[in-house]
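Okay, structure first, notes after.
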Amino acid sequence: QLVESGGGLVEPGGSLRLSCAASGFTLDKYAIGWFRQAPGKGREEISCINYPDRTTEYADSVNGRFTMSRDNSKNTVYLHMDNLIPEDTAVYYCGAVWRALACVDTSVNYWGQGTLVNVSS
């Protein structure tokens with residue numbers, strides 16, 4: 001399973017770091033993505049570390065503000081979010097895709113339960 005943590009209420013311009021810890025399997029053979037779903041909107045892929053190259057891609061909406069990383073020793077991935085804006089308010093999910101070049105949400109094998117990020121003054 002995947003378990004996210006680190007969400008919360010933050011003021012515009014602030015920062016948060018989300019964590020996604022895997023248990024029961026190791027992440028090294030998976031592409032790992034972060035997704036989000038804002039109220040009343042569909043799910044959006046915002047970043048992905050692919051397999052096997054381990055390159056990281058970002059959606060235009062977060063590029064330059066969000067940074068995704070992984071710690072294989074902890075079987076955990078992170079999403080560091082800077083310069084948060086109200087439009088970043090959403091439930092954030094991590095998803096693991098077996099041996100994939102991309103993090104397509106319809107191909108996700110494991111989902112986390114989600115963590116809420118609320119950007120508001």
Side-chain angles (χ1 to χ4, degrees):
Q1 63 175 356
L2 295 174
V3 178
E4 299 103 336
S5 60
L9 176 64
V10 62
E11 293 185 347
S15 299
L16 279 176
R17 189 182 78 162
L18 306 183
S19 300
C20 171
S23 62
F25 68 103
T26 56
L27 292 174
D28 60 345
K29 294 289 194 298
Y30 289 80
I32 308 297
W34 283 98
F35 303 78
R36 67 184 181 186
Q37 187 163 18
K41 295 187 177 181
R43 188 161 49 204
E44 173 190 17
E45 177 196 335
I46 56 173
S47 66
C48 178
I49 298 177
N50 69 14
Y51 177 88
D53 297 336
R54 306 282 178 91
T55 57
T56 307
E57 297 182 348
Y58 299 93
D60 290 343
S61 57
V62 305
N63 196 23
R65 300 187 298 120
F66 290 11
T67 303
M68 186 176 178
S69 62
R70 66 191 296 164
D71 185 335
N72 289 332
S73 68
K74 295 182 179 179
N75 212 23
T76 299
V77 296
Y78 303 95
L79 185 68
H80 191 92
M81 307 183 292
D82 291 321
N83 298 319
L84 286 160
I85 59 177
E87 290 76 12
D88 295 319
T89 295
V91 178
Y92 284 71
Y93 301 88
C94 59
V97 189
W98 173 250
R99 295 197 176 202
L101 292 173
C103 299
V104 178
D105 61 353
T106 53
S107 299
V108 168
N109 302 103
Y110 297 98
W111 284 107
Q113 83 287 356
T115 185
L116 176 63
V117 172
N118 187 358
V119 184
S120 175
S121 55

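Keep in mind the model is a prediction, meaning the values are calculated, not measured.
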Using 0.5 Å steps for rounding, measure from the [atom1] atom of [X] to the [atom2] atom of [Y].
X	Y	atom1	atom2	value
I49	D53	CD1	CG	12.0 Å
F66	R36	CZ	CZ	5.5 Å
Y92	E44	OH	CD	8.0 Å
Q113	L2	CD	CG	9.0 Å
C48	D105	SG	CG	11.5 Å
I32	M68	CD1	CE	6.5 Å

Start with the C-alpha distance between M81 and V117, add both sets of side-chain angles, then the distance that settles side chain to side chain contact (heavy atoms under 4.5 Å, CB included), and finish with yes or no.
-> CA-CA 10 Å; M81 307 183 292; V117 172; 3.9 Å; yes
[X] versus [Y], closest heavy-atom pair with distance:
X	Y	result
G95	W111	CA-CE3, 4.1 Å
C103	A31	SG-CB, 4.0 Å
R70	R54	NH1-CD, 3.5 Å
S15	D82	OG-OD1, 2.7 Å
Y30	Y110	OH-CE1, 3.4 Å

Test W34 against V77 for side chain to side chain contact (heavy atoms under 4.5 Å, CB included), laying out the working first.
-> CA-CA 9 Å; W34 283 98; V77 296; 4.1 Å; yes
Using a 4.5 Å cut-off on heavy atoms from C-beta on, say whether the side chain of S47 contacts that of L79.
-> yes
List the steps and the verdict of side chain to side chain contact (heavy atoms under 4.5 Å, CB included) for Y78 and T67.
-> CA-CA 8 Å; Y78 303 95; T67 303; over 6 Å; no
Can you get from Y58 to V104 by hopping between Ile, Leu, Val, Met, Phe, Trp and Tyr side chains that sit under 4.5 Å apart?
->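 No, Y58 does not connect to V104 through the hydrophobic network.
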Do the side chain of N50 and the main chain of T55 share a donor and acceptor less than 3.5 angstrom apart?
-> yes
List the residues meeting side chain to side chain contact (heavy atoms under 4.5 Å, CB included) with [X], not counting sequence neighbours, and say none if there are none.
X	result
D60	none
N83	R65
P86	P12, V119

Kindly determine whether Y93 and V108 satisfy side chain to side chain contact (heavy atoms under 4.5 Å, CB included), including the steps that lead there.
-> CA-CA 11 Å; Y93 301 88; V108 168; over 6 Å; no
Linking Ile, Leu, Val, Met, Phe, Trp and Tyr through side-chain heavy atoms less than 4.5 Å apart, which residues share a cluster with L9?
->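 Result for L9 is none, singleton.
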Return each pair, listed once, that meets salt bridge (Lys or Arg N to Asp or Glu O under 4.0 Å) where at least one residue sits in residues 90-104; pairs must be two or more places apart or across chains.
-> none
When the side chains of residues 17-29 are checked against the rest of the protein, which donor-acceptor pairs come out under 3.5 Å, sequence neighbours left out?
residue: T26; atom: OG1; partner: D28; partner atom: OD1; Å: 3.0

